[in-house]
**Student:** 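The structure is given below, and queries will be raised subsequently.
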Amino acid sequence: MVYRNFLNMLILALSIFSLQVAAEVDLKDPYKMVQQVADNTFQRVARDQEQVQKSREYLRVIVEEELMPYIDYKYAAYRVLGSYIQKIRTMEDKQEKAEAIKHVRTFIDVFQRYLVATYAGVFTQYTNQKVEFGAAKKFTDDEVAIVNTKIVEAGKPDIRIDFKVRKGKNNEWRAYDMMAEGISLLDAKQTELHGILRQQGIEHVINLLDKKSRLPVQFRGDDGNS
């Protein structure tokens, strides 16, 4: 399953951090933002290990406070919904359109909680892999930037992980997608949900993700329960 493989790679991707003092995140620079967010998040994980050992659920708190403010989950949710968003734009019945928009808002909230649960589960598998960052590029006139990284682990082939970040309000950058060996995480999730969305509707997808977001924090990359 493509998405399950992404979770395995995400373990490595989320280990991107340098052994520096935690710094205030520079949202004006996409390259610095990715490195600083990862750095601050993993320092928090290390600092709060006693609480994490008592309950893995505490990882949700860390993810919500350290990671999620720098992820454009709303834009990511729109990308996952894809054709459903396009369908709403062509609706002529005002009541039907209002109901559909309401469902989208609910989906965004549930998708955010689902991401929190997913990342929290990934952190249970963290080990200190090494990451090499590609050179920063000029981004002044860009709306989207790709932060290139390479995961290096002894005895294993290098893995190319690229983070896609976009410039939003106030020219602040936030991540919205990860590409492993050139394959988009969002595209994989969109493909996974497309058939369900088309055949059973957005309410079913919302309920599906909501149930998954409420499961106990654990890594689900090996058993297919992504």
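In what follows, residues are counted from 1 in the order of the sequence shown.
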**Student:** Taking side chain as C-beta onward, heavy atoms only, is Q51 less than 4.5 Å from I62?
**Tutor:** no
**Student:** Begin from the C-alpha positions of L185 and K189 and carry the test side chain to side chain contact (heavy atoms under 4.5 Å, CB included) through to its verdict.
**Tutor:** CA-CA 6 Å; L185 173 64; K189 195 62 182 175; 5.7 Å; no
**Student:** With sequence neighbours excluded, what pairs up with D26 under the side chain to side chain donor-acceptor pair (under 3.5 Å) test?
**Tutor:** none
**Student:** Do L81 and F111 have side chains that get closer than 4.5 Å, going by heavy atoms?
**Tutor:** no
**Student:** Can you measure from CG (L197) to NE2 (H194) and round to the nearest 0.5 angstrom?
**Tutor:** 7.5 Å
**Student:** What are the two closest heavy atoms between P30 and V165, and how far apart are they?
**Tutor:** CB-CG2, 3.4 Å
**Student:** Between CD of E57 and CD of Q218, what distance do you get to the nearest 0.5 Å?
**Tutor:** 9.5 Å
**Student:** Between R79 and D187, what is the shortest heavy-atom contact and its length?
**Tutor:** NH2-OD1, 3.8 Å
**Student:** Using side-chain heavy atoms (C-beta onward) and a distance below 4.5 Å, is K164 in contact with L186?
**Tutor:** no
**Student:** To the nearest 0.5 Å, what is the distance between OG on S213 and CG on L215?
**Tutor:** 8.0 Å
**Student:** Keeping to residues at least two apart or across chains, list the ring pair (Phe, Tyr, Trp, His ring centres under 6.0 Å) pairs with something in residues 67-93.
**Tutor:** Y75-Y176
**Student:** Where the side chain of D93 meets the backbone of E96, is there a donor-acceptor pair that is under 3.5 Å apart?
**Tutor:** yes
**Student:** State, with a plain yes or no, whether a side-chain heavy atom of V25 is found less than 4.5 Å away from one of K32.
**Tutor:** no
**Student:** Please identify each residue that fulfils side-chain contact (heavy atoms from CB on, under 4.5 Å) with N171, with sequence neighbours left out.
**Tutor:** K28, K167
**Student:** Answer whether the closest heavy-atom distance between the side chains of R113 and R60 falls below 4.5 Å.
**Tutor:** no
**Student:** Stepwise, does the side chain to side chain contact (heavy atoms under 4.5 Å, CB included) test hold for V147 with M33?
**Tutor:** CA-CA 10 Å; V147 181; M33 184 274 290; over 6 Å; no
**Student:** Of all residues at least two apart in sequence or in a different chain, which pass the side-chain contact (heavy atoms from CB on, under 4.5 Å) check with I101?
**Tutor:** I88, K97, R105
**Student:** To the nearest 0.5 Å, what is the distance between CD1 on I202 and CG on L208?
**Tutor:** 12.5 Å
**Student:** Please list, chain by chain and in numerical order, all residues satisfying side-chain contact (heavy atoms from CB on, under 4.5 Å) with E203, sequence neighbours excluded.
**Tutor:** H103
**Student:** Just so I know, are the side chains of Q112 and V116 near enough to count as touching, which here means a heavy-atom distance under 4.5 Å?
**Tutor:** yes
**Student:** Going from CZ on R44 to CG on L67, what distance comes out if it is rounded to the nearest 0.5 angstrom?
**Tutor:** 11.5 Å
**Student:** Side chains of N170 and L27, heavy atoms from C-beta outward: is any pair under 4.5 Å?
**Tutor:** no
**Student:** So which heavy atom on A77 is nearest to which on I108, and how close?
**Tutor:** CB-CG1, 3.9 Å
**Student:** Give, for atom CG of D109 and atom CG of L209, the distance between the pair rounded to the nearest 0.5 Å.
**Tutor:** 12.5 Å
**Student:** Side chains of E99 and Q95: does their closest heavy-atom pair fall under 4.5 Å?
**Tutor:** no
**Student:** Scan residues 137-160 for pairs that pass ring pair (Phe, Tyr, Trp, His ring centres under 6.0 Å), counting only residues two or more places apart or in two chains.
**Tutor:** F139-W173
**Student:** Using the side chain to side chain contact (heavy atoms under 4.5 Å, CB included) rule, take Q200 and V205 through it: C-alpha gap first, then chi angles, then the decisive distance, then the call.
**Tutor:** CA-CA 8 Å; Q200 302 184 59; V205 172; over 6 Å; no
**Student:** Of all heavy-atom pairs between S184 and D177, which one has the smallest distance, and what is that distance?
**Tutor:** OG-OD2, 2.5 Å
